[in-house]
Amino acid sequence: MQQPLFLTAGQIANGDYNQFLKDQLPSSSLIYSSPATLAYNSPGAQGYGVKRAGLTMPESIMLLVSPGCCGRNSTILGRRGGYSNRMFYLNMNETDLITGRHLKKISDAVLEILEGLSPRPKIVLICLTCVDALLGTDLERVCRKVEKETGVIVIPTYMYALSREGIKPPMIAVRQALYSRIRRKPVNSHAVNLLGYFAPLDDHCEIYPMFHKAGLTMIRELSRCNTYNEYLDMGEANFNLILNPEASPAGEDLLKREQMPYIEISRFFKLKRIQKQYKLLGEALGIKLDDAKYLKETQSLIKNFKAGHPSLTFSVGQSLNANPFELSASLLSYGYSVCDIFASYGSADLPFIFEIAQQSPDTRIYSGISPKMYYYNAEGKVDITIGKDGAYYHPDAVNVPFCSDIQPFGYCGVNSLFSEIDTILEENA
Amino acid sequence: MKGLMKYLSPFASDISGAVAVLYEMGGLIVILDAGGCTGNVCGFDEPRFVHGKSAVFSAGLRDLDAILGRDTTMLEKTEKALKQIDAKFVAFIGTPVPAVIGTDFQALTRLGERRFNLPVLSIDTTGMDNFDKGAEKAYSAVLSKFGSDANTKKEDKVGILGALPQDLLPGDTPELIAKRIAICENADYVLFNNLIDFQAIGDIKKNVVIAPSGLKAAEEMNKRFDIPFEICYPVNQLFQIDIHEGDRVLIVHQAFAAESLKQEILQNHSNISVDTATFFISGVNDKSIQLKEEDDFLLLIQKNNYTVIAADDLLRDAVNAADQKTRFVPLDHFVISGNDGELYDV
C-alpha cells in the first residue's frame, strides 16, 4: 500500500524546507483531483473564482470569451450563486484559435447582449482564458476598442490558470481589475477603503466601531457598493486598508496611479497577533484604536468555550476563511491539539509552521494535491475538521466548514470561529 | 450570433465525455491542463466523483510548459505518479491548451508507451466540442487499443454502448438501462465501462446503442468483429411526460433517448405531433433536428408554435425569451445542466 505524502511540522522545521516547497509545486508532480482539492483546481467551486469575483463590480455583467469547457462551472455555480443572469458566453471554436477572429466578434456580442437587458449595465467585464494567454492576446487593447464601439465601460479580466504560480496569478489580477477604475477624488480624511475580499466583512467586525471612534466614519468596501457611482466614491478615501495579501498589487496600482496610500493588515486567529497588529496599525495611522473591549469579549468567549470543550483534536483543511497554518498555530496556543493539516504551503507560511513545530512537532502536513493522496485513508482520532475539504479527509469527524462568503476578521473572526464550532458540536451531540 | 449564449450556458465538453468513458477502467487519467478543466470535469460533470475514486489528475501545466512545449516534464510527472499508483494504462486527455500549441498526440502515445511500459491512450479532445464527441473518441481509442475477440468464452452477452450516467433520461442509471435490455434480450450484459469488456469482445452477440456517443464504436465492432448492433434507448415504462391531446411537442435531449421517448408518446397518445431536437450528435438518418447554436433553438421554437417543450431546465430561459406560450416540462439532461451541488454538501 502506497503511503500518502506528508511531513510532520517538526520535519519541515528541521529539514530542507526549500526542497519540500519545490516538491509540492505542480512543476514537480501531477495534481491529484479529489473532492477536497476541487477548490484548488477550480477556485470558484468554493467561494470566489475569477468570474464570480469579477461580478462583485456593481451594475456589471461578464462576457466569457473562451472554449466552451472554460465556462462549464458557471453553468452550475451561476445558478446556485444567483448570478447566472449576469454571465454570458461567447464560445470559441478551432478556427477562432487559429485566426483570432473571436476578438473581432466581441463588440457585436456585447451590443447584442446589452440590447436585451434592462436596466442597461454600466460595465461589461470581458474574461479570457488560457488559450488567449498562449495566443498573446492584448485584451486591454481589445477592451479599449470595444468600449469605444459600444459606449459602455469595458474591463479586462483573465482566467489564466497557466499563470497561477506566476507573478500575476488570476486572483491577484482580478483584484487589480476590479479596483482599476477608481480615480482620485478630493480626499475625505474620514474615508477609508477596505480592499481584498469579494464579500463584506462580518457586520459585527470591530474594525467598523473602532474606526468610527477614531474618526474614520466613511468605510467603504467594493462588495457593499450598490451602484457604480458608489464604487467611484471609493476614490475619495484617505487611504486603503488591505486585508488580503492578494490585493496588495491592487493597492500598489492605486498608489502609483492615484497617489492613494495603503496599509496592509492580515487575518489572524491568535489574540496576541490581533492585538499587536491593531496597535501597530494605530501607530502607523497616528490614531488610537481602542480594542480592549473586543479583546476582553473574545477572551471571555474562548474561556467559556474551553470550559465546555476542554480537550479537542482538530484537523485543518485549506478551503476555509483562514490561513490553515496560522489557524492551526492559534488553536495550539489555545491548548488544543491539531492532528493534521491538509494544505500546500509557501515560504510565507513557514513562520507559522515553525510555531506549530515548537508546540506540536508531530502534526502532519499533507499536500492534498499530491498523487500519493490517491491512497489516503483517514488516520488518527480527530474530533473536528475545519474547512469544507476537511469533511473529505476525516468523514467521521464533525465538520465545521468556516467558509461563508461573509468574511470573518479580527476578534470578531475568532468569535465567529468558536461560535460556529460550538453550534455545530451542539447539533451533533 | 454564432457562438454567443445569452440564455444558455456551456454544456459538458468533450473532455468530460472522454473522462466519463475511461472513468472506471482502472487507468491513470491525465488531463493536459493547468487545473481548471480538471476541476470542471471532476467537480461538475462527473456524478461518480464524490462516491468513487478514480485516478484523475491534472497535468498542472504552467505557461512555460505550454510555450516551450515541455512534454518531457509532463511525461516525467506521469512516470513519477505511476511509481505511486497502480494503473492498467495511461490516458492523456486533450484540452484547449494542447489544441493551441499543436500537441502531437500520436507522438505522445509512442513516447509514453516506451517510457512507462504500459498502454497509452491519447485522446485529442479540445474543450470546444460537446460531451458526446469526447465520449465517441474515447470509445474508439479504447476499442482500437484493447479490442480483441481472442479471449472469448462465447458467452453471448449483449453489449451496451453509450450508457454513460451523464447522458441518460431522468431516473435512469447505466445498470437500470442494462437490466431492461438484458431482460428483452434474455442475455447478460456488458456496459463497456471496463477494459475486460473490450478484451473479450468475442463474448458479445449483439450491441445495443443507447446514445449517439456509442454509435461509432458499434460500427467499428461491426466492421472488425462482425457484431451486429441496434439503436434503441429503452425508456422506463413508468416514465411519464404530461401530454394532452392536440399538443405539439418538442423533446430536446440526446437523439436516441429523444426518439425513443417520441415513439412511446406516439404509441400512448393520439392526435399529437412530436419533434425531437438535440444539441449533440444527431445520429443515424438525422431523425432529430440538429441544433448547433442557441439561435437555432430560439428559431425552432419561434417557427413551430410548440405547446409543450420537454427539455433540461437550463433551456427554460431560452424558451421564455422566445416568448412562446408553451408549457415547459423539465426533462433533465446532466450533460446540459450538470452537477447540482451534491459535491458541495459533502
Side-chain angles (χ1 to χ4, degrees), chain A residues 2 26-33 35 38 40-42 45-46 66-76 78-80 84 87-94 96-97 102 105 108-109 112-113 116 129-131 133-135 159-166 369 371-372 374-375 388 391-392, chain B residues 1 3-6 8-16 30 33-40 42-45 49-50 53 55-63 65-67 73 77-78 80-81 84-85 95-97 99-101 126-130 314 321 337-341 343-344 346:
Chain A
Q2 298 285 342
S27 53
S28 299
S29 293
L30 298 179
I31 301 172
Y32 178 54
S33 188
L38 181 61
Y40 175 88
N41 281 326
S42 189
Q46 181 50 54
S66 72
C69 61
C70 304
R72 179 57 177 164
N73 56 0
S74 299
T75 297
I76 293 101
R79 285 180 298 153
R80 295 184 92 229
S84 59
M87 276 295 314
F88 301 88
Y89 307 87
L90 183 59
N91 291 329
M92 289 168 68
N93 58 30
E94 287 189 66
D96 294 326
L97 271 190
H102 58 292
K105 294 200 260 180
D108 287 342
E112 191 174 325
I113 292 166
T129 65
C130 299
V131 293
L134 294 172
L135 294 172
M159 204 164 71
Y160 286 175
L162 288 169
S163 61
R164 66 177 292 167
E165 278 94 31
I369 59 174
K372 286 185 179 176
Y374 180 76
Y375 290 109
K388 186 129 191 165
Y392 172 81
Chain B
M1 169 188 274
L4 182 62
M5 286 178 150
K6 294 182 299 195
L8 305 183
S9 32
F11 305 153
S13 75
D14 54 351
I15 305 169
S16 302
V30 182
D33 73 329
C37 298
T38 305
N40 283 351
C42 294
F44 302 94
D45 288 341
F49 183 59
V50 178
K53 252 187 210 185
V56 180
F57 295 82
S58 164
L61 299 176
R62 295 297 179 255
D63 38 13
D65 296 324
I67 291 164
T73 309
K77 289 197 269 186
T78 306
K80 196 170 151 186
Q84 298 160 358
I85 291 169
T95 70
V97 171
V100 170
I101 62 176
T126 63
M128 289 176 278
D129 268 325
N130 279 330
L314 194 77
S337 51
N339 186 330
D340 197 24
L343 183 61
Y344 311 107
V346 155

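A note on names: the letters A, B, ... follow the listed sequences, proteins ahead of strands, and every chain is numbered from 1. These numbers come from a predicted model, not from an experiment.
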Part of [X] within contact of chain B (heavy atom distance under 4.5 Å):
{"X": "A:Leu97", "value": "side chain"}
{"X": "A:Ser163", "value": "both"}
{"X": "A:Tyr40", "value": "side chain"}
{"X": "A:Asp108", "value": "both"}
{"X": "A:Ala109", "value": "both"}

Quick check against the 3.5 Å criterion: does [X] have a side-chain atom that pairs as donor or acceptor with the backbone of [Y]?
{"X": "A:Arg164", "Y": "B:Gly35", "answer": "no"}
{"X": "B:Asn40", "Y": "A:Cys69", "answer": "yes"}
{"X": "B:Lys80", "Y": "A:Pro371", "answer": "no"}

Side chain to side chain contact (heavy atoms under 4.5 Å, CB included) between A:Ser33 and B:Phe49, worked out: CA-CA 9 Å; A:Ser33 188; B:Phe49 183 59; 3.7 Å; yes
Can you tell me how far CG of A:Leu162 sits from CD1 of B:Ile67, rounded to the nearest 0.5 angstrom? 8.0 Å
Taken to the nearest 0.5 Å, the spacing of A:Tyr89 OH from B:Leu8 CG works out to 10.5 Å
For residues B:Met128 and A:Pro67, report the shortest heavy-atom separation together with the two atoms involved. CG-CB, 3.5 Å
Smallest separation among heavy atoms of B:Ile85 and A:Tyr374, with atom names: CD1-CB, 3.7 Å
Examine whether an atom of [X] lies under 4.5 Å from a heavy atom of chain A, and if so say whether it belongs to the side chain, the backbone or both; otherwise answer neither.
{"X": "B:Ile15", "result": "side chain"}
{"X": "B:Thr78", "result": "both"}
{"X": "B:Val100", "result": "both"}
{"X": "B:Ser9", "result": "both"}
{"X": "B:Ala321", "result": "neither"}
{"X": "B:Ile101", "result": "side chain"}

According to side-chain hydrogen bond (donor to acceptor under 3.5 Å, both in side chains), who are the partners of A:Glu112, at least two apart in sequence or on a separate chain? B:Lys6
Residues at least two apart in sequence or cross-chain that pass side-chain hydrogen bond (donor to acceptor under 3.5 Å, both in side chains) with B:Asp65, listed by chain then number, are B:Arg70
Does the side chain of B:Pro96 come within less than 4.5 Å of A:Met92's, by heavy atoms? no
Using side-chain heavy atoms (C-beta onward) and a distance below 4.5 Å, is A:Leu90 in contact with B:Met1? yes
Just give me the residue among B:Pro10, B:Gly60, B:Gly127 that pairs up with chain A most often, heavy atom to heavy atom, under 4.5 Å. B:Pro10
Looking at B:Ser58, B:Ala66, B:Gly36, B:Ala34, which one has more heavy-atom pairs under 4.5 Å with chain A than the rest? B:Ser58
Please determine whether side chain to side chain contact (heavy atoms under 4.5 Å, CB included) holds for the pair A:Thr75 and B:Leu314, giving the CA-CA distance in whole Å, both sets of side-chain angles, and the decisive distance to 0.1 Å. CA-CA 9 Å; A:Thr75 297; B:Leu314 194 77; 3.9 Å; yes
